[in-house]
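Side chains are part of it too, since the values below use all heavy atoms of this structure and drop only hydrogens, waters and symmetry mates.
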Amino acid sequence: MLTTQDSENWAVEFTRTDGEMQSVQDGFTSQGDAEYYGQCTWASPGGRGIEQVRVRQLPRGPWVPVAPASVCGGIRL
């Protein structure tokens with residue numbers, strides 16, 4: 001039986017600048033993978049209008065804020 005600590009299902013939440021939740025993506029196998037996806041999405045042209053990115057271990061882990069990235073995949077943004 002898996003506990004919350006053993007779960008490998010992480011989610012990323014994007015919040016728009018107007019305060020509304022934009023979307024949630026889940027299925028990431030680690031916190032690092034979820035944070036990387038969130039940072040790269042936020043820093044990409046499609047990330048305009050995103051104010052905050054948070055990650056969480058499902059099903060009930062706490063939301064953890066992610067810092068903006070200046071580099072994604074070795075490419076300076």
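- Of all heavy-atom pairs spanning Q22 and I50, the tightest one is OE1-CG1, 3.3 Å.
- Atom CH2 of W42 is separated from atom CZ of R48 by 15.0 Å, given to the nearest 0.5 angstrom.
- Pairing each heavy atom of A34 with each of A11, the nearest pair is CB-O, 4.5 Å.
- Put simply, the residue from V66, V12, V53 that forms a side-chain contact (heavy atoms from CB on, under 4.5 Å) with Q39 is V66.
- Residues satisfying the side-chain hydrogen bond (donor to acceptor under 3.5 Å, both in side chains) test with E13, not counting sequence neighbours, are R54.
- E35 pairs by the salt bridge (Lys or Arg N to Asp or Glu O under 4.0 Å) definition with nothing, not counting sequence neighbours.
- When side chains are defined from C-beta on, Q31 counts as touching V64, because their heavy atoms get closer than 4.5 Å.
- For the atom pair CG (N9) and CZ (R56), the distance works out to 10.0 Å, reported to the nearest 0.5 Å.
- For W10 (side chain) and V55 (main-chain N/O), no donor-acceptor pair under 3.5 Å exists by modelled atom type.
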